[in-house]
Structure formats: C-alpha cells, structure tokens
A.B. asks: 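One structure, pasted below without further comment.
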4 protein chains.
Amino acid sequence: MKRSAQSVPATKIKTTVEDPALVERRRAQLTQAAIACFSEHGYHSTTIRDVAERADVSIGLIYQYVGDKEDLLFMALQAVLDGYMRQIPPALEGITGPLHRFCVAVQAYSRVNGDSVDATVLAYRETKSLRKERRSAIMRKELETNELMAACVRDCIDAGLFEDIDVDLFVYQIVMFCHAWALKAWHFAPKMDVDTYVERGLRLMLRGVLTKAGAKWMRKLEASGVAPAAPEGGKKNAGHRRL
Amino acid sequence: MKRSAQSVPATKIKTTVEDPALVERRRAQLTQAAIACFSEHGYHSTTIRDVAERADVSIGLIYQYVGDKEDLLFMALQAVLDGYMRQIPPALEGITGPLHRFCVAVQAYSRVNGDSVDATVLAYRETKSLRKERRSAIMRKELETNELMAACVRDCIDAGLFEDIDVDLFVYQIVMFCHAWALKAWHFAPKMDVDTYVERGLRLMLRGVLTKAGAKWMRKLEASGVAPAAPEGGKKNAGHRRL
Amino acid sequence: MKRSAQSVPATKIKTTVEDPALVERRRAQLTQAAIACFSEHGYHSTTIRDVAERADVSIGLIYQYVGDKEDLLFMALQAVLDGYMRQIPPALEGITGPLHRFCVAVQAYSRVNGDSVDATVLAYRETKSLRKERRSAIMRKELETNELMAACVRDCIDAGLFEDIDVDLFVYQIVMFCHAWALKAWHFAPKMDVDTYVERGLRLMLRGVLTKAGAKWMRKLEASGVAPAAPEGGKKNAGHRRL
Amino acid sequence: MKRSAQSVPATKIKTTVEDPALVERRRAQLTQAAIACFSEHGYHSTTIRDVAERADVSIGLIYQYVGDKEDLLFMALQAVLDGYMRQIPPALEGITGPLHRFCVAVQAYSRVNGDSVDATVLAYRETKSLRKERRSAIMRKELETNELMAACVRDCIDAGLFEDIDVDLFVYQIVMFCHAWALKAWHFAPKMDVDTYVERGLRLMLRGVLTKAGAKWMRKLEASGVAPAAPEGGKKNAGHRRL
DNA sequence: TATGAATGAGGTTTCATTCAT
DNA sequence: AATGAATGAAACCTCATTCAT
C-alpha cells in the first residue's frame with residue numbers, strides 16, 4: 001500500500017507543515033541541533049532522540065519538518081557550507097585593493113573555519129553518508145565558495161600582483177590549508193591560534209606566487225596590519241592556543 | 001561508556017587463538033576485507049557479515065581474532081597508515097642529495113595516497129569512530145610518517161637549499177596537499193592524474209621555499225627528470241593557466 | 001548505501017539461513033504461529049513480537065527466515081490454501097463414481113474449511129494486504145483448488161449425471177457456500193454443525209443440477225450413507241422448515 | 001484492551017458539536033470519505049489525515065464529530081449496509097406477485113452490491129476490526145437486510161411457488177452468491193457483467209427450488225423481461241463492461 | 001466551530017555478538 | 001579452530017490523538 005514516490009528535486013525536503021515561516025524557523029532550530037550532535041558523536045552514532053532533545057522538541061516534530069534522518073545531515077552540511085558563503089562577501093565589502101581583498105577573503109574563510117571546527121570536520125566525515133544527488137549538491141556549494149576566493153586570485157593576477165598561476169589549484173591549496181586547521185586541530189591547536197596559523201601558512205604560500213609588484217604591496221599591507229605580518233617574536237606559539 | 005582497561009595496552013586486540021602466526025595471517029586477511037568494505041560503504045554501514053563475506057570466512061571466526069567491530073576499524077586504519085611508512089624508506093634507499101630525497105619522498109607519499117584513495121578517505125571519515133586511546137595511536141602513526149618527510153626538509157634547510165621555514169607547517173602543507181587529491185578526487189581526478197597534480201602543486205609550494213642554491217639544484221633535478229619538470233605541453237589540461 | 005535489489009520472483013522469500021531443511025522447519029513453525037495470531041487479531045493488529053512469542057522464538061530469528069512482516073502473511077495465506085489442495089486428492093483416492101467423487105470432494109473441502117474457520121476468514125480479510133504479485137499468486141492457488149472440484153463436476157456432466165451447466169459458476173457457488181460457513185459462523189454455528197450445513201446446502205444446490213439419471217444415483221449414494229441424506233429427524237434444528 | 005463503556009450505548013458516537021443537523025451533515029461527509037479511503041487502502045493503512053484530505057476538512061475537525069478512528073469504520077460499515085436497506089424497499093414498491101417481488105429484490109440487492117463492490121469487500125475485510133458490540137450491531141443490520149429477501153421467499157413458499165425450503169439457508173445462499181461478485185471480482189468481472197452473473201446464478205439456484213407452479217410463473221416473468229431470461233446468445237460475456 | 005502543529009507510544013527492522021556444535 | 005543460527009537491544013519512523021489559537 002505504498003503511496004507513489006513523486007520525483008522531486010533531490011534537494012527538496014518533505015514537510016507536513018504548511019506555514020513556510022514556521023518551517024524555516026523550525027528547520028533552522030533542527031539544523032543547529034543536528035550540527036551539534038553530529039559534530040560531537042558523528043552522524044551514525046547520533047540518534048533522532050539525541051537531536052530532538054538537543055533541539056528541545058519531540059521526536060515526532062522532527063518528522064513533520066524532515067523526511068528522514070539523512071535530511072537532517074543534508075541540512076546540517078548545507079548550513080555549514082552556507083556559513084562560508086555568508087561571511088566572506090560582507091568581509092570584502094568596501095575593500096578595493098586586489099591583494100587586500102585576497103587577504104581578507106582568506107582571513108574570513110579561516111575564521112569561519114576556526115569558529116566551527118567541528119562542523120568542518122563533520123563535512124569531511126559525513127558527506128559520503130548522503131546519497132549521490134545530495135552529495136553533488138554539497139560539492140557544488142563547495143565550489144561556489146571557492147569561487148569567491150578564486151575571483152580575488154584572478155584579480156591579483158590581472159593586476160600583476162600574482163604570477164600567472166593555476167588558480168584552481170592554488171585556491172584549493174589555500175582551502176585545504178584552512179581546513180587542515182580543523183582536520184588536524186589535535187596537532188595545531190595546542191601550538192598556536194588560527195590567526196597565527198593562517199598568517200604563517202599564507203606567507204609560505206604567497207612567497208611563491210607574488211610578483212615583485214605583489215611583494216611590494218604585501219609589505220605595505222603588513223605595515224598597516226591587515227596582512228600576515230612577519231612574526232615579531234617567539235616563533236612557536238607565543239602563548240595563545242584555544243580550542 | 002566503559003573506558004580504560006589498563007592492564008591491556010589499548011592497542012592490543014583480543015584473540016582466542018593461540019598460534020601467533022595464524023593470528024597474524026587471519027588478521028591480515030580480515031584487515032584487507034575491512035578496508036575494502038569500510039572504504040566502500042563506510043564503517044557504520046558495513047556489517048560484520050559484509051566483512052566476513054569479503055574475507056570469505058564465517059562471522060564467528062572474526063570474533064576469534066578480534067574483540068569487536070571497532071577492532072576491525074582500528075586494524076584497518078593502522079594498516080592504511082603503515083602503507084606510507086612501508087613505502088617511503090625503500091624509495092629513498094640509495095638516494096643522497098637532500099633535495100632529491102625530498103622530491104622522492106613526496107612522490108612516494110603521493111603514490112601511496114593515489115593508489116589507495118578510498119583508504120585515505122576512510123582515515124578522514126572514521127578515525128573519530130575510534131575510542132580516544134586508539135585515535136591517539138593513529139595520530140601518533142601519522143606524525144611518525146610525517147617525520148619521514150620532515151627529516152628530508154630539515155636536511156634541505158641544513159644544506160642551504162630551503163629557506164629557514166617552519167618545518168612542521170610546511171610538511172603538513174605538503175601532506176594535506178597530497179591528501180587533497182584523495183579527499184577532492186571528485187574535483188581533480190577528471191582533470192589530471194596524480195603525478196601531474198603533485199608536480200604542479202609542488203612547484204607552487206617550492207617556489208616560496210627554495211633558496212637560490214636550492215633553485216639551482218632543482219633545475220638540475222628537473223633536467224634529469226626526477227623532479228617536477230616544467231610541463232612540456234599540457235595533456236588533458238592544455239587550456240589551464242599554470243605557474 | 002543501499003545494496004541493489006535483485007529482481008527475484010515475487011514469491012520467493014528471503015532468508016539468511018543456509019540449511020534448507022532448517023529453513024523449511026522454521027518457516028512451518030512461523031507460519032503456524034502467524035496463522036494463529038493473524039486469525040485472532042488480524043494482520044495489522046498482530047505485532048512481530050506476538051508471532052515470535054507464539055512461535056516461541058526471538059524476534060530476530062523471524063527475520064532470518066523472512067524478509068518482512070508481509071512475508072509472514074503470504075506464507076500464512078499460502079498455507080491455508082495449500083490445506084485444501086492437500087486434503088482433497090487423498091479423500092478422492094480410490095473412489096470412482098463421478099457423483100460419489102463430487103460429493104466426497106465437497107465434503108473434504110467443507111471439512112478443511114470447517115476445521116480452519118479462522119484461517120478462511122483470514123484469507124478474506126487480508127489477501128488485499130499483500131502486494132499485487134503475491135495477491136495474484138494466492139488467487140492462482142484458489143483457482144487451482146477450485147479446479148479439483150471442477151474436474152468432478154465435468155465428469156458428472158460427461159456421465160450424464162449433471163445437466164450441462166456453467167461449471168465455473170457452479171463450482172464457485174459451492175465454494176462460496178462452504179466459505180459462508182466460515183464467514184458467517186456467527187450466524188450458522190449456533191444452529192447446526194458443518195456437516196449438516198453442507199448436507200442441506202448441497203441438496204438445495206444439486207436439485208437444480210442433477211439429471212434424472214443423476215438423481216437416481218444420488219438416492220443410491222444417500223442410501224449407502226456417503227451423500228447428503230434426507231434428514232431423518234432434525235437435531236438442533238427440529239423446528240426449521242426444510243427442503 | 002479497554003472494553004465496555006456501559007453508560008453509552010456502544011453504537012452512539014461522541015461529538016463536541018451541539019447543532020444536530022450540522023453533526024449529521026458532517027458525519028455523512030466523513031463517512032463518504034472514510035468509505036472511499038478504507039475501500040482503497042484498507043482500514044489500517046488509511047490514516048486520519050487521508051480521510052481528512054478526502055473529506056476536505058482538517059484533522060482536528062474529525063475529532064469533533066467522532067471519538068476515534070474506529071468510529072469512522074463503524075459509520076462506514078453502517079452506511080454500506082444501510083445502502084441495501086435503502087434500495088430494496090423502493091424497488092419493490094407497487095410490485096405484487098411474490099415471485100416477481102423476489103426477483104426484483106435479488107436484482108436490487110445485486111445492483112447495490114455491484115455499484116459498491118469496494119464497500120462490500122470492505123465489510124468483509126474490516127468488520128472484525130470493530131470491537132464486539134459494534135460488530136454485533138453490524139451483523140444485526142445484515143440480518144435485517146436479509147429479512148427483506150426472506151420475506152419474499154416466504155411469500156413464494158406460501159403461494160406454492162417455491163418448495164418448502166430452509167428459508168434462512170436459501171437467502172444466505174443468494175446473498176453469498178451476490179457478494180461473491182464483489183469478493184471474487186478479479187475472477188468474474190473480466191468474464192461478464194453483474195446482471196449476466198446474477199441472471200445465470202439465479203437460474204441455477206431457482207431450478208431446485210421452484211415448484212411446478214413456480215416454474216410456470218417464472219416463464220411468464222422471463223417472457224416479460226423482468227426475470228433471468230434464458231441466455232439468447234454467446235454465453236461467456238457477449239462483450240459488455242467489466243470492473 | 002475549525003484548524004493544524006505538536007506529542008510520544010509503539011511498531012518494524014537491523015545487526016553486533018554469543019555459543020553450541 | 002571454524003561455523004552460522006540464535007538473540008534482543010536499540011534505532012528509525014508513523015500516526016492517532018490533543019489542544020492552543
């Protein structure tokens with residue numbers, strides 16, 4: 001007696017609730033709870049009851065806003081990626097110098113990443129737990145985010161500040177470097193804070209990429225404190241740490 | 001919620017079988033099957049029965065060589081990391097030039113990685129599914145592997161071929177870059193092969209690191225074909241910008 | 001991570017147990033329990049736990065011999081219909097007179113029916129709870145059973161004992177009449193026993209069907225006590241009008 | 001497992017609405033929707049939401065006119081049986097000849113049955129899903145309906161048109177024969193239409209029951225076209241309709 | 001009177017693990 | 001040492017029913 005399964009776009013999520021505003025609010029609530037639970041114990045080890053308790057709702061309510069558990073994962077991963085998309089553009093607002101924009105973009109990226117280490121790790125752990133169409137949707141979102149940074153890189157190249165490098169590869173190198181902070185937090189967190197981490201890493205990576213003109217601009221930016229400055233003192237971890 | 005079982009080092013695995021040679025053989029067999037299954041479907045979605053069938057043994061037999069399912073995961077992850085440890089030293093055998101050694105080490109690393117993409121992804125997905133002590137054991141193993149490359153880097157610095165960089169950070173940058181091939185295979189695999197990928201990435205990363213002397217050596221190595229050579233004419237990839 | 005679904009004949013039932021003899025034995029055990037439970041409370045109101053308890057096995061065991069709850073229903077209904085198929089032929093063994101065979105077949109049929117009133121009712125209640133292919137399999141079985149009686153009817157016609165009637169319709173009339181005993185047990189059971197019921201009904205139905213020759217034979221059979229005899233003096237039922 | 005609620009006659013249904021006309025209207029609306037849903041998917045597989053949607057009302061509204069889901073089933077089954085009660089008497093209006101009345105009654109009965117095959121099947125499937133008191137109420141209704149036909153039969157006997165048969169048994173035989181059209185629609189519907197079915201069946205059944213006088217009358221009726229006529233042509237389904 | 005979001009008990013099913021053979 | 005049938009806890013999900021609006 002199964003009811004037939006309409007072929008809906010794989011990214012639409014079932015709900016029995018009619019008020020769209022309510023749906024949005026509840027979904028946000030559930031997504032937050034899901035991110036917290038999944039980050040902590042992983043997707044499979046988290047029960048629906050866990051999420052319900054975390055969100056302070058009943059189990060039944062969840063299934064009024066979501067078709068199944070996987071939907072929660074999908075929503076969670078989308079929200080994580082949306083975080084990047086949402087934070088970078090505002091950070092770039094009003095900034096014009098291409099190199100400056102690039103540095104700010106990386107900084108913004110690394111901050112989102114640093115603020116939600118668990119969520120980033122979650123994305124690496126559980127994206128494969130989604131069925132294919134949704135996995136693709138997530139990947140597409142990742143590429144869109146990368147594109148924000150890629151645009152900055154291209155501007156730098158066009159402005160003669162960067163060598164004519166492989167943009168895609170370079171951007172992914174930066175992204176992976178940022179993610180490494182989250183993925184290898186057990187290694188880095190005790191040694192330094194995110195900003196130090198990014199600062200140092202960026203300097204390493206930029207050295208091979210900046211043109212002479214780019215290097216000159218960089219020094220200016222460093223002087224004004226908006227770009228990775230040469231470490232003024234105790235290299236390894238001046239005493240911060242967190243996580 | 002049981003934790004410590006102090007008498008037994010957390011990394012020892014229970015068995016009811018007495019012949020150590022047999023234990024070793026069976027465990028190897030199970031580990032291979034586990035890696036295959038876990039890589040394909042993930043740890044949680046794989047059943048003991050799946051592993052038993054893949055290993056062509058009975059379910060009961062598994063529990064004679066293993067205490068529980070998590071042991072299989074532990075064995076699998078260890079084996080994956082051991083792969084790196086096992087492949088790099090032989091590759092370095094007989095090679096003396098520090099820069100040459102560095103390049104070969106990276107190459108060896110990236111090849112293990114390229115040959116077992118699924119296993120690398122597995123490590124990222126499922127390390128957190130281990131209980132803490134074992135997670136630490138896995139991390140320790142990762143650091144040991146990194147140390148193989150770190151030694152090469154330090155030699156290059158000491159030989160004046162590399163600037164005086166943050167070794168740890170640089171090594172992790174390379175490692176992450178290699179892993180990215182596996183983690184983002186969906187993005188890179190359709191565009192190029194591993195060797196091209198590493199070649200290009202390495203060149204990007206080295207430019208900021210080589211001293212003048214290092215750069216000279218590099219050109220020599222490239223000429224002799226053992227190091228990332230300037231692309232003579234892009235293959236799949238003729239249209240991309242590059243360094 | 002779903003495993004692909006082979007298209008097996010819709011009537012094959014999944015098992016994880018390898019020994020076919022054991023499978024058969026356990027399935028029989030489960031089928032009996034299922035018939036009992038389903039007859040008593042209906043299919044939907046019966047829980048798997050109910051069946052497990054009735055069969056004195058664990059819940060898990062059931063799922064080693066059966067794919068899902070519907071399989072239990074299918075097995076139950078098949079077993080019910082098989083009952084008819086199994087009982088009628090032996091009853092006809094050695095009997096040669098066409099009219100005699102017809103009477104014995106009906107008698108056998110009505111006895112199976114009378115012995116498993118609940119099961120017959122179950123078939124009427126729950127056949128629709130099966131998915132289509134299986135529903136068809138059950139219907140096919142019903143027709144096969146009817147064919148046993150249809151053959152007798154045809155023989156009677158060929159022997160000139162029955163008029164040239166619509167065999168199919170006549171057989172179904174008899175079958176429905178038998179089933180009515182079960183379906184309307186609340187009405188008939190307090191008034192008479194099955195044999196009386198069939199005897200009377202049969203006489204009603206035969207009167208319109210027997211040829212003169214048939215009627216003569218019938219009287220002989222009645223005299224020898226193998227066919228519905230004229231009631232010599234109603235039992236429970238002395239006051240009722242009768243044929 | 002709760003049972004009796006003695007104060008309220010088991011057939012009274014709870015409502016929070018005071019206007020009796022409204023109650024009646026709404027209940028009729030709900031009953032129609034319930035019959036449709038239950039016939040289609042069965043009682044247990046139908047959700048209250050299904051019924052609400054079919055009736056185009058809210059879920060909450062249902063519970064203002066009905067105590068629980070079983071009430072809907074009860075109302076539905078009552079309505080189905082009422083259908084018979086409602087259709088037969090008008091059909092008999094003005095007809096005086098006992099045999100004529102009998103034939104018309106059967107015809108009317110079979111027509112109700114033929115027009116609501118699903119509903120008849122529903123009654124067979126789900127009557128047992130009612131608690132006992134209500135089941136009895138339904139059975140009583142069935143007997144009342146039968147009584148309409150029994151009266152005709154008795155008149156025929158008294159008029160010397162029928163032999164002195166067991167009225168109760170004969171009526172049930174006819175009723176079951178009619179129901180068989182619904183219950184075995186999968187078998188009969190492809191072969192003939194209801195009227196043909198009833199016509200043929202009735203002739204079979206009447207032959208054993210009509211007295212000589214009855215038979216004469218019958219021929220008259222057939223001649224005037226109001227009774228089962230001898231088939232004029234192609235037996236099996238001259239090409240009419242089906243289910 | 002009408003609505004529909006919220007609840008949570010309870011059902012089906014899976015699967016790690018045990019243990020008799 | 002090897003097998004695989006048996007177990008049952010625990011997970012996901014449904015849906016009758018309530019109640020605030």
Side-chain angles (χ1 to χ4, degrees), chain A residues 15-19 22-23 25-26 44-52 57-72, chain B residues 15-19 22-23 26 44-53 56-72, chain C residues 14-19 22-23 25-26 44-52 56-72, chain D residues 15-19 22-23 26 44-53 56-72:
Chain A
T15 180
T16 66
V17 175
E18 288 163 1
D19 176 4
L22 181 55
V23 171
R25 217 184 64 230
R26 286 294 199 192
H44 287 96
S45 303
T46 298
T47 68
I48 293 289
R49 164 168 272 112
D50 290 337
V51 178
V57 299
S58 68
I59 290 176
L61 180 137
I62 292 184
Y63 285 94
Q64 298 227 349
Y65 295 92
V66 135
D68 59 16
K69 194 185 173 190
E70 201 220 58
D71 284 346
L72 286 178
Chain B
T15 179
T16 67
V17 177
E18 283 163 358
D19 175 1
L22 181 54
V23 171
R26 287 293 200 196
H44 286 96
S45 302
T46 298
T47 67
I48 293 288
R49 174 177 296 249
D50 290 337
V51 177
E53 269 162 22
D56 208 44
V57 299
S58 70
I59 290 175
L61 181 137
I62 292 184
Y63 284 89
Q64 301 215 322
Y65 294 91
V66 134
D68 60 17
K69 193 185 175 189
E70 201 220 56
D71 285 346
L72 286 177
Chain C
K14 206 177 82 183
T15 180
T16 66
V17 175
E18 288 163 359
D19 176 3
L22 181 55
V23 170
R25 218 185 63 230
R26 287 293 200 194
H44 287 96
S45 303
T46 298
T47 67
I48 293 288
R49 164 168 274 112
D50 291 336
V51 178
D56 205 44
V57 299
S58 69
I59 290 176
L61 181 136
I62 292 184
Y63 284 93
Q64 297 228 346
Y65 294 92
V66 134
D68 58 17
K69 193 186 174 189
E70 201 220 58
D71 285 346
L72 287 178
Chain D
T15 179
T16 67
V17 177
E18 285 163 358
D19 175 0
L22 181 53
V23 170
R26 287 293 200 196
H44 287 96
S45 302
T46 297
T47 66
I48 293 288
R49 173 176 297 249
D50 291 336
V51 178
E53 270 162 20
D56 208 44
V57 299
S58 70
I59 290 174
L61 182 135
I62 292 183
Y63 283 90
Q64 302 216 323
Y65 294 91
V66 133
D68 59 17
K69 193 186 174 188
E70 201 220 57
D71 286 346
L72 287 177

A.B. asks: I'd like to check the salt bridge (Lys or Arg N to Asp or Glu O under 4.0 Å) partners of D:E53; sequence neighbours left out, ordered by chain and number.
C.D. replies: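 Expected list: none.
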A.B. asks: Tell me, please, which residues at least two apart from C:R25 pass side-chain contact (heavy atoms from CB on, under 4.5 Å).
C.D. replies: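 With neighbours one apart ignored, the set is C:L22.
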A.B. asks: Closest heavy-atom contact between D:V66 and D:D71?
C.D. replies: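 Reported closest heavy-atom pair: C-OD2, 3.8 Å.
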A.B. asks: Measuring from atom OG1 of D:T47 to atom CD1 of D:I59, what distance do you get when rounded to the nearest 0.5 angstrom?
C.D. replies: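 Going from the OG1 atom of D:T47 to the CD1 atom of D:I59 covers 7.0 Å.
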A.B. asks: Does any residue of residues 60-71 of chain B have a heavy atom under 4.0 Å from DNA chain F, and if so, which ones, in number order?
C.D. replies: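 Listed by number, they are B:G60, B:L61, B:Q64, B:Y65.
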A.B. asks: Could you give me the CA-CA distance, side-chain angles and deciding distance for B:V57 and B:R26, then say whether side chain to side chain contact (heavy atoms under 4.5 Å, CB included) is met?
C.D. replies: CA-CA 10 Å; B:V57 299; B:R26 287 293 200 196; 3.9 Å; yes
A.B. asks: Keeping D:K69 on the side-chain end and D:T46 on the backbone end, is there a donor-acceptor pair under 3.5 Å?
C.D. replies: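 The answer is yes, because a donor-acceptor pair under 3.5 Å joins these two groups.
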A.B. asks: For C:I59 and A:R26, take the nucleotide of DNA chain E holding the closest heavy atom to each; which residue's nucleotide lies nearer the 5' end?
C.D. replies: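 Closer to the 5' end of DNA chain E: A:R26.
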A.B. asks: Please identify each residue that fulfils salt bridge (Lys or Arg N to Asp or Glu O under 4.0 Å) with A:D50, with sequence neighbours left out.
C.D. replies: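 Partners of A:D50 under the salt bridge (Lys or Arg N to Asp or Glu O under 4.0 Å) test: none.
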A.B. asks: So what does the secondary structure string of DNA chain F come out as, 5' to 3', with Watson-Crick or wobble pairs under 3.5 angstrom, [ ] for crossing and | for pairs with another strand?
C.D. replies: .||||||||||||||||||||
A.B. asks: Check the distance between E:dT14's C1' and B:D50's CG and give it to me in whole angstrom.
C.D. replies: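 After rounding, the reported distance stands at 12 Å.
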A.B. asks: Using the side chain to side chain donor-acceptor pair (under 3.5 Å) criterion, which residues pair with A:Q64? Sequence neighbours excluded.
C.D. replies: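 By the side chain to side chain donor-acceptor pair (under 3.5 Å) rule, A:Q64 matches A:T16.
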A.B. asks: For D:S58, which residues count as a side-chain contact (heavy atoms from CB on, under 4.5 Å) partner, sequence neighbours excluded?
C.D. replies: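 Result, side-chain contact (heavy atoms from CB on, under 4.5 Å) vs D:S58: D:L61.
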A.B. asks: Name the residue closer to the 5' end of DNA chain E, choosing between A:E18 and D:V17 according to the nucleotide with the nearest heavy atom.
C.D. replies: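 Nearest nucleotide further toward 5': that of D:V17.
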A.B. asks: First contact, last contact: which nucleotides of DNA chain F are these for chain D, 5' to 3', heavy-atom distance under 4.0 Å?
C.D. replies: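 First-to-last contact on DNA chain F, by the 4.0 Å heavy-atom rule, is F:dC15 to F:dT18.
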A.B. asks: For C:T46, which contact category applies under a 4.0 Å heavy-atom criterion: base, sugar-phosphate, or nothing?
C.D. replies: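 Sugar-phosphate, backbone atoms only, no base.
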A.B. asks: For the residue pair B:T15 and B:Y65, what are the closest heavy atoms and their distance?
C.D. replies: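 Looking at all heavy atoms of both residues, the closest pair is OG1-CA, 3.8 Å.
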A.B. asks: Starting at atom CD1 of C:I48, determine the distance to atom P of E:dC15, rounded to an integer number of angstrom.
C.D. replies: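 After rounding, the reported distance stands at 17 Å.
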A.B. asks: Rounded to the nearest Å, what distance is computed from the NE2 atom of residue C:H44 to the P atom of nucleotide E:dG10?
C.D. replies: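 Distance check: C:H44 NE2 to E:dG10 P gives 19 Å.
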